[in-house]
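Worksheet: the structure to be examined is printed underneath.
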2 protein chains.
Amino acid sequence: MASSIHDLARHLNISIGTVSRALNGRADVNADTRQRVLEAARKLNYSPNQSGRSLRQGATRSIAFMLQPHPGDQQYGEPFFIPFLTGLQARLAEHDLDLMVVMGEPGQYQQERLRRVVETRRADAVVLANTRREDDRIDYLSKAGFPFATLGRSQSGGDTYPSLDIDFERAGDEAVDRLVARGHRRIAAIRPSLDLNFGYLFLDGYRKALKRHGIEVDPNLIADGFINETGGYQVTPQVMRSKNPPTAIIFNNDAMALGGCKALAEMGIKPGHDMAVIVIVDTPLCRYFSPTLTAFRPSLEPMGRRLAEMLLASLPAFAGPEGTRIIHEVWPLELIARESD
Amino acid sequence: MASSIHDLARHLNISIGTVSRALNGRADVNADTRQRVLEAARKLNYSPNQSGRSLRQGATRSIAFMLQPHPGDQQYGEPFFIPFLTGLQARLAEHDLDLMVVMGEPGQYQQERLRRVVETRRADAVVLANTRREDDRIDYLSKAGFPFATLGRSQSGGDTYPSLDIDFERAGDEAVDRLVARGHRRIAAIRPSLDLNFGYLFLDGYRKALKRHGIEVDPNLIADGFINETGGYQVTPQVMRSKNPPTAIIFNNDAMALGGCKALAEMGIKPGHDMAVIVIVDTPLCRYFSPTLTAFRPSLEPMGRRLAEMLLASLPAFAGPEGTRIIHEVWPLELIARESD
DNA sequence: TGTGTTGTCGTAAACGTTTACGGAAAAACG
DNA sequence: CGTTTTTCCGTAAACGTTTACGACAACACA
């Protein structure tokens, strides 16, 4: 059914070598023959078989995107990733690269899935999401010399790979700034208990801003829980039971914020009225919650595009004339002021 | 770097044929040698190169999932798809199949992207989402004899391919039933104007239920708009301006419902109080909106798993002993009663 | 002992490409 | 006209597998 380069060559009475060279735009082929080849290719509806290409060239022209649903995300996963994925995929497609999505089982590490991709050479490079502070996927890929880029920074692996991160530190800082400007002094911070790096960055910014304002960091106002609604619901009462309860809470995750607001409501506390609330990563939920939640918003789709570019710039096969580059970028978040603070 | 089957054979002093047969569990290899091969494979960290396999076997062991963001979905895409994708990917992974995600540009057809996948043999089969009533992707794949399955039914292509759909007809029916039981007689239906098949199914159920209750269908109470918030916002006033305005509205899309509620609010109409509202596909937003929105919920993650199974059952290479089967299933939605109706 | 059967393995072709190499013809040059 | 260069193309190897086929030995059977 599918026509091969042999069919094309036979049809034109020339060798497959010439056909291949003509199609790949090599110089040593007569302009006339090239024309004939291209026309015949169109007529016979010929497209090169990717498996054959991959084998010969040692490159699959596909990139694996590895993300890991958090446990408890059964019903609806991170809305976070869809626009990112869209951008990533769009830019890769421009370079004729495919995107393979690899998910781990929620809650367990993904080493086996990753090893499989790498060892069987199913992809030319990997994009890692859900970056952890200490990330064994990064260690593995570095050691294996397999190209990759990460969404989010990590302490693992040095700066040998491109990374694109959101400026959670600055967001934590700005959130405190904003709350202090509005008269708050007792500000709680609630973040996921997982080793995810953004939780640390956020807390750094939070601490830095408090110090700048001469406010002492109260450990009772810092708490962490599961990175989902239940986690927020469980951990918020903890900070409220502090001797000296907060008048404002910054949540480092949208799902946790929603659970936290539920807990507050049950305590008779109304966000935006009795308690200021700021959410670090905005999702559509923040806009429709009542009260609407002030939040920091990333530009996910452009970030996807950008990380694709950064990954490609690090690959010898795709780097431009100035050679391969390892790029690190940290993107700011945009504050969306709403009713909750 | 990566060890090939030749390295393994050389190391063991046997032929690559035997190594391959040993690894693939064929019968004609001595139990002893098989043992040695397996051990050596583990020791040398050998995994078969997928490109080589694909070329020889004429199968890539990867499935393409094709979805198309609706125009206007810039910021956050369909939360719908992540859990479905998770299920799909999970089941495919159990069969050692990869999942490739192909998105079109929002708003335009995806024929070129699809053709590329098919013609270059980048995948063994395709899963189609955003099924349209008349879907040229289905026509193309049928004609090309390329295996595929769809999420959602279509009028194209006969029943030659597996399909898994949500029972929108029944949801439309039940929604009307519920509203009538609560005393409503003037019930509006708002759906996307695109050719997406579910919009038709929904309307069928809506009409059927009205007829059963002896209520005349008022065309002024049926409207369609862009499948996003703006669409709902624009089209809802239309039905409200009807001489005999509705006391209840069924929205066939969550984003349209939110836009519709916004329009209602601006008219001083409060959902759940002055107007009953039911949403056909539940998303997390429905749960957090104020008032919380009564909605019909699909089980997306199991649906993803199931469609993977159905696709595999239709593929000769994966079908069980009873041979290939083309399965069609329609899954019910679960009513989540909340405050808005 | 001769013949058929079974178990095990090696050989080599095949999948569809790309590409290094060399050769023939044409063109350029003296 | 001889020589060198250029242009163009064919040949064949290579990528890493799987698998059809045949070979050989061991074994069973008459």
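Chain naming here is simple, since letters A, B, ... match the order of the sequence lines and numbering starts at 1 in each. Everything numeric here is computed off the predicted structure, so don't read it as measured data.
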So, does [X] get its side chain near the phosphate of [N], meaning an N or O under 4.0 Å from OP1 or OP2?
{"X": "A/Asn30", "N": "D/dT7", "value": "no"}
{"X": "A/Ser20", "N": "C/dT18", "value": "yes"}
{"X": "B/Thr18", "N": "C/dT8", "value": "no"}
{"X": "A/Asn49", "N": "C/dT17", "value": "no"}
{"X": "B/Arg21", "N": "C/dC9", "value": "no"}
{"X": "B/Arg53", "N": "D/dG16", "value": "no"}
{"X": "B/Ser15", "N": "C/dT11", "value": "no"}

Nearest-Å distance for atom pair [atom1]/[atom2], residues [X] and [N]:
{"X": "A/Leu23", "N": "C/dT18", "atom1": "CG", "atom2": "P", "answer": "8 Å"}
{"X": "B/Asn13", "N": "C/dG10", "atom1": "CG", "atom2": "C1'", "answer": "13 Å"}
{"X": "A/Glu119", "N": "D/dG16", "atom1": "CD", "atom2": "C1'", "answer": "16 Å"}
{"X": "A/Arg121", "N": "D/dG16", "atom1": "CZ", "atom2": "C1'", "answer": "12 Å"}
{"X": "A/Arg10", "N": "C/dG16", "atom1": "CZ", "atom2": "P", "answer": "11 Å"}
{"X": "A/Asp7", "N": "C/dT17", "atom1": "CG", "atom2": "C1'", "answer": "13 Å"}
{"X": "B/Ile5", "N": "D/dC15", "atom1": "CD1", "atom2": "C1'", "answer": "14 Å"}
{"X": "B/Asn24", "N": "D/dT19", "atom1": "CG", "atom2": "P", "answer": "7 Å"}

> Can you tell me how far OG of A/Ser142 sits from CG of A/Asp135, rounded to the nearest 0.5 angstrom?
Replying inline: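 Result: 9.5 Å between the selected atoms.
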
What I want to check is whether the side chains of [X] and [Y] have a donor and an acceptor closer together than 3.5 Å.
{"X": "A/Arg137", "Y": "A/Gln110", "result": "yes"}
{"X": "B/Ser51", "Y": "B/Ser54", "result": "no"}
{"X": "B/Ser154", "Y": "B/Asn197", "result": "no"}
{"X": "A/Thr120", "Y": "B/Gln50", "result": "no"}

Which part of the nucleic acid does [X] contact within heavy-atom distance under 4.0 Å: base, sugar-phosphate only, or nothing?
{"X": "B/Gly17", "result": "base"}
{"X": "A/Ser47", "result": "sugar-phosphate"}
{"X": "A/Thr33", "result": "sugar-phosphate"}

> If you find the nucleotide of DNA chain C closest to A/His6 and the one closest to A/Asp28, which residue's nucleotide is nearer the 5' end?
Replying inline: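 Nearest-nucleotide comparison on DNA chain C picks A/His6.
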
> Does any N or O in the side chain of A/Asp7 come within less than 3.5 Å of the main-chain N or O of A/Ser4, such that one atom is a donor and the other an acceptor?
Replying inline: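 Yes, the answer is positive, given that a donor and an acceptor are paired below the 3.5 Å cut-off.
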
> Which nucleotide in the list C/dG10, C/dT17, C/dT18 gets nearest to the side chain of B/Ile14?
Replying inline: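 It is C/dG10.
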
>> Let's see if you can work this out: which of D/dG16, C/dC9, C/dG16 has an atom nearest to the side-chain heavy atoms of B/Arg56?
In response: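 Among D/dG16, C/dC9, C/dG16, the one nearest the side chain of B/Arg56 is D/dG16.
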
